Amino acid sequence: MAAKISYDDVEAGTELPAQSFPVTRDTLVRYAGASGDFNPIHWNEKFAKEVGLPDVIAHGMFTMAAAVRVVTDWTGDPGSVVEYGVRFTKPVVVPNDDQGAVVEVSAKVAAKLDDEARTVRVDLTATSDGKKVLGMSRAVVRLA
């Protein structure tokens with residue numbers, strides 16, 4: 001695959017389409033099975049509360065992966081992400097109801113980095129329940 005977005009067609013400030021990612025207890029159980037991360041804070045409400053959390057929380061790596069989908073959906077190529085890093089600032093609390101939680105993600109091109117490599121830096125903002133859940137969320141992306 002190759003990125004579908006051309007380096008020449010973007011400028012600093014270009015906004016990527018925002019997305020919302022629902023997270024339910026079912027989502028967390030499925031992610032635990034796929035990742036092998038069965039830490040009880042992600043599925044056992046009693047345990048999560050005993051260790052001081054408000055409720056079960058989403059896996060940090062799940063939240064990180066959901067957020068970068070805004071970038072990969074925009075470029076059309078998961079391989080276009082050259083670097084990606086975040087700081088986990090707040091947990092995504094997932095109540096045991098029919099709605100769960102929602103991670104809202106927006107992103108924009110912060111800078112054009114290298115004309116020859118055709119790379120840009122994309123800054124992402126991820127929130128849940130009105131709170132920023134990822135800080136310093138940045139991806140270096142190679143465009144067409």
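Everything quoted here is computed from the prediction, not taken from an experiment. Just so you know, these numbers use all the heavy atoms, side chains as well, and skip hydrogens, waters and symmetry mates.
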remark   = Heavy atoms of T72 and P78 approach each other most closely as CG2-CA, 3.6 Å
ask   = Can you tell me how far CE of M136 sits from CG of D123, rounded to the nearest 0.5 angstrom?
value = 8.0 Å
request  = To the nearest 0.5 angstrom, please state how far the CG atom of D129 sits from the CD atom of E104.
outcome  = 10.5 Å
task = In sequence, state the C-alpha distance, the side-chain angles, and the governing distance for V51 and I41, and then conclude on side chain to side chain contact (heavy atoms under 4.5 Å, CB included).
result = CA-CA 8 Å; V51 298; I41 64 173; 3.9 Å; yes
request  = Kindly determine whether L134 and L124 satisfy side chain to side chain contact (heavy atoms under 4.5 Å, CB included), including the steps that lead there.
outcome  = CA-CA 8 Å; L134 299 176; L124 298 96; over 6 Å; no
Value rounded to 0.5 Å, distance of OG in S137 from CZ in R87 = 10.5 Å
key: Evaluation steps, side chain to side chain contact (heavy atoms under 4.5 Å, CB included), between N96 and V56   = CA-CA 8 Å; N96 190 19; V56 165; over 6 Å; no
query = Which atom names give the shortest non-hydrogen contact between G13 and K108, and what distance separates them?
reply = O-CB, 4.4 Å
inquiry  = Any side-chain to backbone donor/acceptor pair from S128 onto V102? Under 3.5 Å, distance only.
reply    = yes
message = Measuring from atom CG of D9 to atom NZ of K4, what distance do you get when rounded to the nearest 0.5 angstrom?
response = 15.0 Å
task = Under the side chain to side chain contact (heavy atoms under 4.5 Å, CB included) rule, what do E15 and W74 come out as? Steps first, then yes or no, please.
result = CA-CA 10 Å; E15 293 188 17; W74 176 64; over 6 Å; no
remark   = Heavy-atom nearest pair, G33 first then F38, reads CA-CZ, 3.6 Å
remark   = Output for pair (T63 OG1, I57 CD1), nearest 0.5 Å, gives 8.5 Å
remark   = Taking every heavy atom of A12 against every heavy atom of A110, the minimum-distance pair comes out as CB-O, 3.7 Å
query = Does P91 offer a backbone N or O that forms a donor-acceptor pair with the side chain of K131 under 3.5 Å?
reply = no
ask   = Does Y31 have any ring pair (Phe, Tyr, Trp, His ring centres under 6.0 Å) partners at least two apart in sequence or in another chain, and if so, which?
value = H59, F62
key: Straight-line distance of R69 CZ to M64 CE, nearest 0.5 Å   = 15.5 Å
ask   = Transitively linked via ILVMFWY side-chain contacts under 4.5 Å: L16 with L113?
value = no
query = Same cluster for V122 and V103 if Ile/Leu/Val/Met/Phe/Trp/Tyr side chains link at under 4.5 Å?
reply = yes
task = Flag yes if V120 and V86 sit in one hydrophobic cluster, no otherwise; membership is Ile, Leu, Val, Met, Phe, Trp, Tyr, and two members link when side-chain heavy atoms are under 4.5 Å apart.
result = yes
ask   = Between E11 and K112, what is the shortest heavy-atom contact and its length?
value = OE2-NZ, 4.0 Å
ask   = Side chain of T89, backbone of V133: donor and acceptor closer than 3.5 Å?
value = yes
query = Any donor-acceptor pair under 3.5 Å linking the side chain of T127 with the backbone of G130?
reply = no
query = Linking I/L/V/M/F/W/Y whenever their side-chain heavy atoms sit closer than 4.5 Å, directly or via other members, would Y84 and M61 fall into one cluster?
reply = yes
inquiry  = For a quick test of reading the model, state the closest non-hydrogen atom pair linking A144 to A3 and the distance between them.
reply    = CB-O, 3.2 Å
task = Flag the pair R25 and D97 as a salt bridge only when some basic side-chain nitrogen lies within less than 4.0 angstrom of an acidic carboxylate oxygen.
result = no
key: Check: W43 side chain, L28 main-chain N or O, donor-acceptor pair, under 3.5 Å   = no
task = Give the cluster check for V140 versus V81: same hydrophobic cluster or not, with ILVMFWY residues linked at side-chain heavy-atom distances below 4.5 Å.
result = no
query = Does R118 offer a backbone N or O that forms a donor-acceptor pair with the side chain of R142 under 3.5 Å?
reply = no
